[in-house]
Amino acid sequence: MPRDHYLFSNGRLRRRQNTLWLEKATEDRVPGVALDDTGAPSGTLTGEKAVLPVEAVDALHCFGEIDLNAKLVVFLAQQRIPVHVYDYYGNYAATLYPREYLLSGRLTVAQAEHYLRPARRLRLARAFVGAGLYNIRRVLRYHARRVGDEAPVRHALAVVEREAARVPEEAAIPELMAVEGRARDAYYRAWPAMLGPRLAEVFPFDGRQRRPPSNALNAAISFGNALCYAACLKALYRTALDPTISYLHEPGDRRYSLALDLAEVFKPLLVDRAILRLLKTGRLQPSHFEGRLGGTYLTETGRRRFVEAWDERLRRTVRHRRLGRHVSYERLIRLDAYRLVRHLTDPADPYVGFRAWW
C-alpha cells in the first residue's frame with residue numbers, strides 16, 4: 001500500500017532503475033543562509049543511502065535540502081507522485097505537481113460554472129464553513145467531558161454553535177468568513193482549558209497568530225495546517241477537480257485554493273486533535289520549539305515527532321457508516337473530494353462537507 005514519505009535529511013534524491021535513492025549529506029540544514037551559490041544541499045554527500053521502492057510511495061514531503069534532477073522529476077511525474085517542499089521552519093513552500101492525468105472537461109466547466117454563479121458558489125462556501133464548524137464542535141464536546149474546568153469549553157461551544165446557526169443566513173462570502181473567524185477565535189481561546197492548568201502554564205496561548213507564529217501552540221498549528229493543506233492537495237490530484245477553482249477562498253494566482261477550502265473541513269479532526277494529543281501525551285515538549293526571526297518554530301526533532309503522529313493519524317481507520325467498511329482518515333479526504341465531484345456534475349446531489357460522527 002503506497003503512503004507518504006517524509007525526508008528530513010539533506011542530500012540528493014535520484015532514480016536508480018525503478019527505485020528512489022536518497023544519498024544523504026553530512027551537515028544539518030541551515031536556516032536562511034546560503035553557504036555557496038551552487039545550489040547544492042548543505043554538507044557533503046556521505047555515500048549513505050536510503051532506498052524507497054517507488055510502488056511504496058504515494059507522495060514525498062521534503063523538509064531537508066534535497067537535490068533533484070530532471071530525470072527524477074520525469075520519473076516522479078510518470079509515477080504520479082507529488083512532491084511537497086517545506087522551508088526550514090516547516091512552512092509549506094511549493095508542490096511539484098505532476099501533469100494532470102484524470103482530465104474531465106465536463107467537470108472543469110461545471111467547476112467554473114459553480115464559481116461564476118453566486119448562489120451556487122455561496123452554497124458550497126456555506127458547506128465548507130458549516131462542516132468545519134461542525135467538526136470543531138465535535139472537538140469541543142469531546143474535551144468538555146474530560147477537563148476539570150469545563151466552563152471555558154462550554155462557553156466556546158456556545159459561541160461556535162451560535163455562529164454555526166448563522167451560516168445558512170449569510171448572503172456573502174466575506175460575511176461567511178467573518179462567521180468562521182469569530183467561531184475559531186472562541187475555539188482557540190478554549191485551548192488552555194482543554195489542555196488543563198499544568199500544560200496551559202507550560203504552553204501559554206492567547207489566540208491564533210500566524211506570521212510569524214508567536215508561541216509554541218501557534219507554531220504547531222501552522223505546521224499542522226501546512227501538512228493538512230498538502231494532504232488535501234494530494235487528494236484533489238487523485239480526482240479530476242481543478243485545484244485552482246475554489247469557492248470559500250478566492251481563487252488567485254500561484255495557489256491551489258480548493259485545497260484551502262477542503263482543509264477547512266478537516267483541520268479540526270486531523271490537525272487540532274493531533275496537537276492536543278501530542279501535548280497531553282508529552283510527545284511534544286517545550287524543548288521541541290525554538291525562537292527565530294521574531295517567531296517560534298518547531299525544531300527538527302519537533303517536526304519529526306509531529307510528522308510521526310500525523311502519519312499515524314492519517315492511517316488510522318474508522319468504520320464508515322455509509323460504505324459499511326473501515327476507511328483511513330486520509331481516505332476520508334478523498335471521499336469528500338468525490339462528493340464534491342458528484343455535486344458539481346449533478347447539483348441535485350448536495351455537497352454537505354464531511355462531518356465526524358465519532
Side-chain angles (χ1 to χ4, degrees), residues 2-7 57-63 66 68 73 76-87 89-104 107-108 111-112 114-115 124-125 127-129 131-132 135 210 221-272 274 303 306-307 310-311 313-315 327-341 343-344 351 353-354:
R3 64 183 186 87
D4 288 14
H5 287 264
Y6 304 87
L7 310 179
V57 179
D58 199 33
L60 291 173
H61 298 256
C62 297
F63 292 95
I66 304 293
L68 309 174
V73 171
L76 292 171
Q78 289 171 343
Q79 300 300 320
R80 296 161 187 162
I81 298 174
V83 181
H84 306 292
V85 181
Y86 304 81
D87 67 14
Y89 303 102
N91 298 315
Y92 172 84
T95 294
L96 178 61
Y97 198 76
R99 187 181 63 182
E100 299 280 2
Y101 67 105
L102 294 172
L103 298 175
S104 170
L107 179 59
T108 303
Q111 246 189 289
H114 277 71
Y115 171 77
L124 283 170
F128 288 121
V129 173
N135 291 329
R210 297 176 176 78
I221 293 170
S222 293
F223 185 67
N225 287 350
L227 292 175
C228 189
Y229 172 81
C232 291
L233 182 58
K234 188 182 75 172
L236 293 173
Y237 177 65
R238 306 300 183 197
T239 72
L241 287 164
D242 185 329
T244 66
I245 303 175
S246 55
Y247 305 99
L248 177 61
H249 296 84
E250 196 65 38
D253 298 329
R254 298 180 295 279
R255 69 174 187 169
Y256 299 114
S257 46
L258 187 58
L260 294 173
D261 285 1
L262 203 56
E264 291 297 329
V265 177
F266 289 95
K267 282 190 293 190
L269 296 175
L270 299 181
V271 178
D272 300 346
R303 288 195 293 271
F306 198 117
V307 164
W310 174 256
D311 198 44
R313 191 153 201 85
L314 288 186
R315 284 187 285 151
V327 299
S328 68
Y329 282 21
E330 183 176 21
R331 185 71 178 176
L332 292 174
I333 304 176
R334 187 151 0 145
L335 291 175
D336 213 45
Y338 289 151
R339 292 179 71 176
L340 181 58
V341 171
H343 169 72
L344 293 172
Y351 170 79
F354 177 77

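All figures in this text were calculated on a predicted structure; none of them were measured in a lab. We're numbering straight along the sequence, starting at 1. In what follows, every heavy atom counts, from backbone to side chain, and hydrogens, waters and symmetry copies are set aside.
- Contact of the Tyr256 side chain with the Tyr229 side chain is registered, since non-hydrogen atoms from C-beta on lie closer than 4.5 Å.
- Applying the ring pair (Phe, Tyr, Trp, His ring centres under 6.0 Å) test between Phe223 and each of Tyr92, Tyr89, Phe306 identifies Phe306 as the sole match.
- Expressed to the nearest 0.5 Å, how far OG of Ser246 lies from CG of Leu262 amounts to 11.5 Å.
- Here the shortest heavy-atom pairing between Leu103 and Ala240 reads C-CB, 4.5 Å.
- From Leu241, atom CG reaches atom CG of Leu344 across 6.5 Å, with rounding to the nearest 0.5 Å.
- The heavy-atom pair separating Val83 from Cys62 by the smallest distance is CG1-SG, 3.7 Å.
- Here the side chains of Leu258 and Leu340 are in contact, with some heavy-atom distance below 4.5 Å.
- Panel note: side chain Tyr237, backbone Arg99; a donor-acceptor pair is recorded below 3.5 Å.
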- Evaluate the side-chain contact (heavy atoms from CB on, under 4.5 Å) criterion for residues Arg3 and Glu330: first the C-alpha distance (whole Å), next the side-chain angles of each, then the deciding distance (0.1 Å), finally the verdict. CA-CA 10 Å; Arg3 64 183 186 87; Glu330 183 176 21; 5.8 Å; no

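- Partner of Asp58 under the side-chain hydrogen bond (donor to acceptor under 3.5 Å, both in side chains) criterion, out of Arg238, His5, Gln79: Arg238 alone.
- Side-chain atoms of Tyr351 and Asp336 form a donor-acceptor pair, as typed in the model, at a separation below 3.5 Å.
- The line from CG of Asp261 to CZ of Phe128 is 4.5 Å long, rounded to the nearest 0.5 Å.
- Across His84 and Leu233, no two heavy atoms sit closer than the pair CE1-CD2, 4.2 Å.
- With a 4.5 Å cut-off on side-chain heavy atoms, Val85 and Leu96 do not count as touching.
- In this structure, Cys228 and Lys267 approach most closely via the heavy-atom pair SG-CG, 3.9 Å.
- Between Thr95 and Pro82, the shortest heavy-atom contact is CG2-CB, 4.3 Å.
- Taking all atoms of both residues into account, the shortest heavy-atom contact from Asp242 to Gln111 is N-OE1, 2.7 Å.
- No side-chain heavy atom of Thr244 sits less than 4.5 Å from a side-chain heavy atom of Pro251.
- When side chains are defined from C-beta on, Lys234 counts as touching Asp4, because their heavy atoms get closer than 4.5 Å.
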- Going through the checks in order, is the side-chain contact (heavy atoms from CB on, under 4.5 Å) test met by Val271 and Leu227? CA-CA 8 Å; Val271 178; Leu227 292 175; over 6 Å; no

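- Taking 4.5 Å as the limit, every side-chain heavy atom of Leu60 sits out of range of all side-chain heavy atoms of Ile66.
- At distances below 3.5 Å, not a single donor-acceptor pair connects side-chain atoms of Asn135 with backbone N or O atoms of Leu270.
- We find the CG-OH distance between Leu7 and Tyr86 to be 11.0 Å, quoted to the nearest 0.5 Å.
- Note: Arg210 CZ to Ser222 OG = 7.5 Å, rounded to the nearest 0.5 Å.
- For the pair Leu260 and Glu264, the minimum side-chain heavy-atom distance is 4.5 Å or more.
- Looking only at side-chain heavy atoms (C-beta outward), His114 and His343 come within less than 4.5 Å of each other.
- Here the CG-CD1 distance, from Asp272 to Ile221, works out to 6.5 Å after rounding to the nearest 0.5 Å.
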